[in-house]
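All chains are named by letter (A, B, ...) in the order of the sequence lines, taking the proteins before the strands, and each is independently numbered beginning at 1.
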Amino acid sequence: MEKVASECPARRVTKLRATALRRAFGACVDRLAEKMADMTEKIQNYRTAPFDARFPNTNQTRNCYQNYLDYHRCNKALAAKGLDVSPCDWYQRVFKSLCPVGWVEKWNDQVENGTFAGRV
Amino acid sequence: MFKLIFQQTKKHPTLIPQFFFMVLGMGGATFYLMRLARGPHISWDRKNNPEPWNRLSPTYQYKLVAVNTDYKSLKKEGPDF
């Protein structure tokens, strides 16, 4: 399971004034916004799935499956946090490049029915 | 068993290369099997460590010998979540 990156550390904010909030969370929110902008740019410049060191061999089945899982987990995690889910599109582009269309359709049906075997 | 091997080798010293290559071969095979078994592409413990390949840095080298890949410049591609 990917380590959930807590970009903005949970801080106790006693005062709810804007200045206090900005002081507590300002820097990390800027970093998050920058990362999101980088991600959207990366998705726009996408050509094909990049080399993934976790799957260096010819058999890329697991690469396809892992990205499919990551896409659904990312959607779930970001939606639970209330953030914008568009960075997760990276994973969708990757698995759409790698996976056979039949597999993707079969898995999508299984996810809809609730019979998908993986942990999403 | 080793005493028997030793006695037989003294009688027929031509057995020495036989034993040497057998040890080399079996030892090498076992070593590589253990290396594969301990590798991060196998998930032995599905409850506590389900996907060990996700816990490594993107520059981790999986292969024994990597000729063309520049591992130092790889980074994590997808967004964190």
Side-chain angles (χ1 to χ4, degrees), chain A residues 1-8 31-32 34-43 46 48-59 61-63 65-81 83-95 97 117-119, chain B residues 1-2 5 15-81:
Chain A
M1 177 68 186
E2 294 245 21
K3 272 208 297 215
V4 178
S6 54
E7 290 294 341
C8 293
R31 279 202 302 274
L32 242 186
E34 196 184 312
K35 267 199 173 176
M36 292 255 306
D38 286 341
M39 208 61 233
T40 37
E41 196 187 317
K42 238 165 110 173
I43 293 175
Y46 181 85
T48 187
F51 172 70
D52 194 337
R54 295 174 297 175
F55 315 107
N57 294 315
T58 309
N59 186 352
T61 309
R62 191 160 260 171
N63 195 354
Y65 189 59
Q66 189 62 49
N67 281 112
Y68 186 82
L69 292 177
D70 282 343
Y71 173 62
H72 286 283
R73 288 175 189 168
C74 175
N75 274 345
K76 221 172 169 186
L78 290 186
K81 284 196 205 167
L83 299 167
D84 177 27
V85 287
S86 61
C88 299
D89 279 344
W90 172 265
Y91 294 119
Q92 186 180 45
R93 301 294 287 271
V94 175
F95 82 71
S97 306
R119 189 171 47 89
Chain B
M1 184 182 84
F2 290 111
I5 293 176
L15 281 175
I16 295 179
Q18 156 87 24
F19 288 132
F20 173 69
F21 284 114
M22 275 245 316
V23 165
L24 188 67
M26 296 300 289
T30 325
F31 158 73
Y32 196 64
L33 194 63
M34 286 296 113
R35 183 191 138 84
L36 284 180
R38 286 180 27 185
H41 58 278
I42 294 187
S43 138
W44 288 106
D45 184 0
R46 264 197 282 176
K47 213 176 294 184
N48 300 329
N49 190 8
E51 288 168 8
W53 55 88
N54 279 334
R55 292 165 174 260
L56 298 170
S57 84
T59 56
Y60 179 80
Q61 181 176 329
Y62 282 67
K63 293 190 156 187
L64 195 56
V65 176
V67 185
N68 276 337
T69 324
D70 177 12
Y71 273 92
K72 282 184 267 304
S73 59
L74 292 173
K75 33 187 178 29
K76 180 170 183 331
E77 300 283 345
D80 292 323
F81 55 89

> Which pair of non-hydrogen atoms, one from A:A53 and one from B:P58, has the smallest distance, and what is that distance?
Replying inline: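 Looks like CB-O, 3.3 Å.
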>> Quick check: closest heavy atoms across B:W53 and A:R54, and the distance to 0.1 Å?
In response: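 For B:W53 versus A:R54, the nearest heavy atoms are O-CD, 3.3 Å.
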> Among B:K63, B:Q61, B:H41, whose side-chain contact (heavy atoms from CB on, under 4.5 Å) with A:P56 holds?
Replying inline: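 Only match with A:P56 under side-chain contact (heavy atoms from CB on, under 4.5 Å): B:K63.
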>> What's the separation between atom CZ in A:R119 and atom CZ in B:R46, rounded to the nearest 0.5 Å?
In response: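 Reported value, rounded in 0.5 Å steps: 11.5 Å.
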